[in-house]
Amino acid sequence: MFIPTILLAVTALVRTDLGESRVDLEEVSDSHYRFTMKKGDIGADVKWIDVIPDFMTARTGDEGYWIDARGAYGRFERDSGSYENDRAGWMPIFGLKRGDSLWYGQVMKWRCDYRFRVDATNGVYRAYPRFGVAGVREYYPVYQDIVIDYRRLDGAEADYVGYAKAYRKYQFENAGIRMARDRAKTNPVTKYLLDSFVIRISQHCRKQVLSDHTLRMTRANEQPLLVHMPFLITGDLMQQLHDAGVDKATFLSAGWTSGGYDGRYPDMFPVEPAIGGEAGFRALAKRCRALGFQMSAEVDYTEMYGPADRFDLDLACRFANGQYPDGGFWPGGLAYNLCTKKALDLGWCQMDFARLRDVIGDGPLFFDVMSAIEPRRCGHPAHRMTSDDMGGVYSRLFDMAQKTMGGAASECGFDLGIRHLDYVNYLWHEIGILKHDVFKGFQSGVFPVWELVYHGVVFYTSDRYLQNHTYGNEDRSNGAFDFGWGVYDRKEDPYKALKHIEFGSRPILYTHTFDDIPSIVKAFEEYRPVRHLQQEEMTGHCEVAKGVFETSYGDGSRTVCNFNGESVAVAGVQIPPMGYVLFNPDKSKQAYAFDERRGLHRE
């Protein structure tokens, strides 16, 4: 007797601000499903859309966790609560592990226009993307279908490491990314970065941010410049760092531009005369190279200020109704969002890159903002740009910088143009958010997911919370931050130092004063024993004992980091308290302990 098999459809709950319904997912294979919503099916009055397949839900007490693109995760331990990542599209993935399986979604279309959310209500967890339809319609009509691919990982692959490796594999096969050591074979800028860390001159000069945000700045009423570190003095700083034993560093010059830091963008030239002008910048770059260091500079083509010669409101991003998005208030006054495509069309970028290379030579050109945001939307009828369009423009600029300057870098971890980036300053704030318990215990921790995807491809600092880690704690009270920085207590936090090691992170130091030199040297000495690992793939990460984490690399190296206040034995090896052991491919090992004066140092 023939008994037919009944195949039950896999469905997803689709919620909007107007109601909810269930839809069938398309089966691509037994472990791969696809959700598609045609753009014509997105209701005219809908403001947002959530997509929640049943396999992206869990109950309190279930074994597993939800996880976002960066690696922030939460275990199913609470009956209620919520989490939201407004930078969800950095890598367009999110997941949920329950039992022996992990399902992850990859947003294939609308990747720049959603937020990742988790909510728990009466013990039921839901992890999902929320697509901001109303935000898109502020600029232009809905322009594409929503498409999400869901894949299941099972067994040993069903954890955050497998989740990261799946996306890494996808990026190598589809995004054109390559290992930094392979790029370094034909690119001296990348080759230097293999062993280098970044020292950013915070701001050679800038204007104070005014408290009255109603003022509209022009060249006639802009604030006077506050000069912090002219080029000649910067050269002396480089010399002292060299004499203190720092052998390789990439210096990032911020605030060299006309009007100082955030002063007259999108004007880059002339080089600001108050800090030495073009002649001084040339001399600084020459001195930098003579000391064995690498020079680079910061530009910004996402903002536009009233005092700029290039200022033209017709070049600004705008809403469909003709109004302008709020770009914030900075040293140059009210910032308008520049439509970066126009800077490219008008030849500004090409001209500036060529002139800058003539002044300072090769070095990774740093683009402020671009990899820290979902690409700007522009609803101007003469130069409308979707987020995808603008992301393509950013990627073109990174590519141009690599070809003109030898390298490109940007602020954070948004990966649309990642194939053309050599380093990013930091990956956002999730570790700091965890330390400050912003989500009231709903976030359990941060796994090194971004790191597992891009280690060995792009150099990075794992979190803004870890920047300047040897400086100690920063105090921004009493108006100190009006000048661009706070005051540090010089008490290094061992947690931050050790987190750099665990996450394969490269330190970055922002400076404007010779007082920072001992702290910069300390960071360099902490980094030196592990900097060779920047060339390797990060192949694994796990907790081997409570508060003890092992990170493994493609060459066979391992670091085992102990965040406890006492030593812990792992496989017969004592791991120092708030310290680590580096296990080398040749079976040798070195232990590093922490003290406040020396930081992480070899025992």
Side-chain angles (χ1 to χ4, degrees), residues 8-25 31 33-35 37 42-43 45-89 92-107 110 113-135 146 148-154 158-160 163 429-430 433-447 449:
L8 299 178
V10 176
T11 65
L13 173 68
V14 177
R15 296 191 306 203
T16 76
D17 54 301
L18 300 179
E20 60 184 48
S21 61
R22 283 208 161 265
V23 300
D24 293 344
L25 299 181
S31 60
Y33 289 84
R34 178 170 295 141
F35 170 86
M37 178 176 282
I42 299 174
D45 297 323
V46 167
K47 295 180 180 178
W48 49 262
I49 298 170
D50 300 337
V51 182
I52 315 170
D54 291 339
F55 49 70
M56 298 300 290
T57 66
R59 290 188 174 274
T60 303
D62 284 349
E63 182 183 347
Y65 46 81
W66 55 263
I67 187 167
D68 73 4
R70 190 269 168 273
Y73 71 93
R75 301 193 184 277
F76 307 124
E77 299 172 340
R78 295 177 174 263
D79 290 329
S80 62
S82 63
Y83 173 87
E84 180 175 86
N85 187 336
D86 63 355
R87 296 295 198 278
I93 57 173
F94 54 90
L96 187 142
K97 175 178 171 60
R98 190 177 59 195
D100 295 331
S101 296
L102 183 149
W103 282 93
Y104 72 95
Q106 181 172 344
V107 179
W110 277 64
D113 299 310
Y114 77 95
R115 294 184 174 192
F116 173 67
R117 296 168 59 96
V118 186
D119 57 54
T121 305
N122 297 324
V124 177
Y125 279 75
R126 298 176 177 87
Y128 55 91
R130 170 164 288 182
F131 296 94
V133 180
I146 296 174
I148 313 167
D149 276 2
Y150 292 96
R151 293 179 173 85
R152 188 184 70 236
L153 301 174
D154 296 312
D159 64 5
Y160 62 94
Y163 165 69
H429 300 277
E430 282 80 1
I433 286 170
L434 175 69
K435 292 294 286 185
H436 293 104
D437 195 22
V438 172
F439 292 102
K440 309 302 181 186
F442 198 74
Q443 177 189 350
S444 303
V446 179
F447 292 132
V449 168

With side chains defined as the heavy atoms from C-beta onward, is the minimum distance between Val46 and Asp17 less than 4.5 Å? yes
Between the main-chain N or O of Phe55 and the side-chain N or O of Arg98, is there a donor-acceptor pair closer than 3.5 Å? no
Gap between atom CH2 of Trp103 and atom CG of Leu96 - 0.5 Å precision: 11.5 Å
Polar contact flag, side-chain donor to acceptor under 3.5 angstrom, Asp68-Tyr83: yes
Set out, in order, the CA-CA distance, both residues' side-chain angles and the distance that settles side chain to side chain contact (heavy atoms under 4.5 Å, CB included) for Ile67 and Tyr104, then state yes or no. CA-CA 9 Å; Ile67 187 167; Tyr104 72 95; over 6 Å; no
Residue pair Val10 / Asp54, side-chain heavy-atom distance below 4.5 Å: no
Which heavy-atom pair separates Ile148 from Pro129 by the least distance, and what is that distance? CD1-CG, 3.9 Å
Under a 4.5 Å cut-off applied to non-hydrogen side-chain atoms, are Ile146 and Ile42 in contact? yes
CD/Glu84: more than 12 non-hydrogen atoms of other groups inside 6.0 Å: yes
Testing the basics here: between Arg75 and Phe447, what is the closest heavy-atom pair and its distance to 0.1 Å? NH2-CZ, 4.3 Å
Are the side chain of Arg78 and the backbone N or O of Gly441 linked by a donor-acceptor pair below 3.5 Å? yes
Any heavy-atom pair between the side chains of Met37 and Val14 that's under 4.5 Å? yes
Identified ring-ring contact (aromatic ring centres under 6.0 Å, His included) partner of Phe94 from the options Tyr163, Tyr128, Phe116, Tyr73: Phe116
Distance-minimising heavy-atom pair for Ser444 and Gly74: OG-CA, 3.4 Å
Pairwise side-chain contact, Trp66 with Phe76, heavy-atom cut-off 4.5 Å (strictly under): yes
So, do Thr60 and Tyr125 sit near enough that their side-chain heavy atoms are less than 4.5 Å apart? yes
Does a salt bridge link Arg151 with Asp149, judged by any charged N lying under 4.0 Å from a carboxylate O? yes
For Asp45, does the CG atom sit with more than 12 other heavy atoms under 6.0 Å from it, leaving out its own atoms? no
For Ser80, all residues meeting side-chain contact (heavy atoms from CB on, under 4.5 Å), sequence neighbours excluded: none
Flag side-chain contact, heavy atom, 4.5 Å: Val118 against Phe439: no
If only atom types and distance count, is the side chain of Tyr65 paired as donor or acceptor with the main-chain N or O of Tyr160 below 3.5 Å? yes
So Asn85 and Glu430, do their side chains get closer than 4.5 Å, heavy atoms only? yes
With respect to Asp50, which candidate in Arg130, Arg126, Arg115 satisfies the salt bridge (Lys or Arg N to Asp or Glu O under 4.0 Å) definition? Arg130
Indicate yes or no for a side-chain donor-acceptor contact from Asp62 to the backbone of Arg59 under 3.5 Å, with no hydrogens or angles considered. yes
Is a donor on one side and an acceptor on the other found under 3.5 Å between the side chain of Lys97 and the backbone of Gly99? yes
Residue that, paired with Ile52, satisfies side-chain contact (heavy atoms from CB on, under 4.5 Å) out of Arg22, Arg117, Arg15: Arg15
Nearest heavy-atom neighbours spanning Ala12 and Leu25: CB-CD2, 3.9 Å
Within the distance-only criterion (no hydrogens, no angle test), does the side chain of Tyr114 pair as donor or acceptor with the backbone N or O of Ile49 below 3.5 angstrom? no
